[in-house]
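A short write-up of the structure that comes next.
Throughout, residue positions are numbered sequentially from 1 according to the sequence presented.
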Amino acid sequence: MIGFNFKKIIVPLLLMVILVSCGGASKKMDKRAIAENYVGALNASDFEQLVGLFQDSIRFNEMEYIQTFDKEGYHTLFQWDSVFSPKYEILDIREEDDNLQLTISKQCDRIRFLHEAPFISKEIMTIKEGKIHSVAIVEYVDFNDTLWADKREKLVKWVEEHHPELDGFLYDQTKKGAVKYQKAIQLFKNRKDSLNQDIKVKK
């Protein structure tokens, strides 16, 4: 009887240990899955899926800038970004307590024009109770600030002179502003005077 009772006790205990250990592994995998779903939603421009991964507020920190949005407020910025057809990729991911240390590559029409290479950033994603609490960009890797500022200045000046109807595109972070920004880039890239400039350089 003693041996029988021992078996009745030890078997459930072993099952509990297995379930707990599997649960811990599952929890670790879930954090990575949240980050992958976050990037997937950005790439698909799926707003509902994206905000569903967050807690009540959407918090984005960029260096010293801290921004907190409600869903409606973030939707405006999301629409602006989506116009440029962004593509995100997780280059590296590491877990640290409730945080994920991420290295993310982003490219889009705007970045390709102004930077001529993807943005690579180091980010910290904080996850609480199975939801994203905040995403913080803590470092830009190999960001060419000189190239970015120079190309942006040339674009703005050319638009002011040749297409004043698009003026103000740089600071209008709405879908309408992004469409203007996109149009400004295309017009600038296809401008007739760019051919003249190329001829002058060759001479």
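Of all the heavy atoms in Ile185 and Arg110, the pair that sits closest is CD1-CA, 4.0 Å. For the residue pair Ile93 and Ala35, the shortest heavy atom distance occurs at CD1-CB, 4.0 Å. Of all non-hydrogen atoms in Val83 and Val179, the two that sit nearest each other are CG1-N, 4.0 Å. Here the closest heavy-atom approach between residue Tyr88 and residue Asn43 is recorded as N-OD1, 2.6 Å.
The other residues sharing a hydrophobic cluster with Val141 are Leu91, Ile120, where clustering joins ILVMFWY side chains under 4.5 Å apart. When hydrophobic residues (I, L, V, M, F, W, Y) are linked wherever their side-chain heavy atoms come within less than 4.5 Å, Leu147 remains an isolated member.
Rounding to the nearest 0.5 Å gives a distance of 5.5 Å between CD of Glu95 and CG of Leu100. Rounded to the nearest 0.5 Å, atoms CD (Glu165) and CG (Asp167) are 9.5 Å apart. The distance from atom CG of Asp46 to atom OG of Ser82, rounded to the nearest 0.5 Å, is 10.0 Å.
Using a 4.0 Å cut-off between charged side-chain N and carboxylate O, Lys157 and Glu153 make a salt bridge.
Under the rule for a salt bridge (Lys or Arg N to Asp or Glu O under 4.0 Å), the partners of Lys106 that lie at least two apart in sequence or sit in another chain are Asp81. Listed by chain and residue number, Lys154 satisfy the salt bridge (Lys or Arg N to Asp or Glu O under 4.0 Å) test with Asp150 (two or more places apart in sequence, or in another chain). For Asp145, there are no salt bridge (Lys or Arg N to Asp or Glu O under 4.0 Å) partners two or more places apart in sequence or in a different chain. Glu160 meets the salt bridge (Lys or Arg N to Asp or Glu O under 4.0 Å) test with no other residue; sequence neighbours excluded. Not a single side-chain contact (heavy atoms from CB on, under 4.5 Å) links Asp56 to another residue, sequence neighbours left out. Phe54 is linked by a ring pair (Phe, Tyr, Trp, His ring centres under 6.0 Å) to Phe60, counting only residues two or more places apart in sequence or in another chain. Residues forming a side-chain contact (heavy atoms from CB on, under 4.5 Å) with Lys128 (at least two apart in sequence, or on another chain): Gln55, Thr126, His133. Listed by chain and number, the residues in a ring pair (Phe, Tyr, Trp, His ring centres under 6.0 Å) with His163 are Trp158 (sequence neighbours excluded).
Between Arg112 and Gln107, the closest side-chain pair of non-hydrogen atoms falls below 4.5 Å.
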Sequence neighbours excluded and cut-off under 3.5 Å, please list the side-chain donor-acceptor pairs for residues 66-78, or say none.
residue : atom : partner : partner atom : Å
Asp70   : OD1  : Glu72   : N            : 3.4
Asp70   : OD1  : Gly73   : N            : 2.6

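When atom types are taken as modelled, the side chain of Arg191 and the backbone of Phe188 share a donor-acceptor pair closer than 3.5 angstrom.
Applying the side-chain hydrogen bond (donor to acceptor under 3.5 Å, both in side chains) test to every pair with at least one member in residues 176-188, sequence neighbours left out, gives these pairs: Asp109-Gln182.
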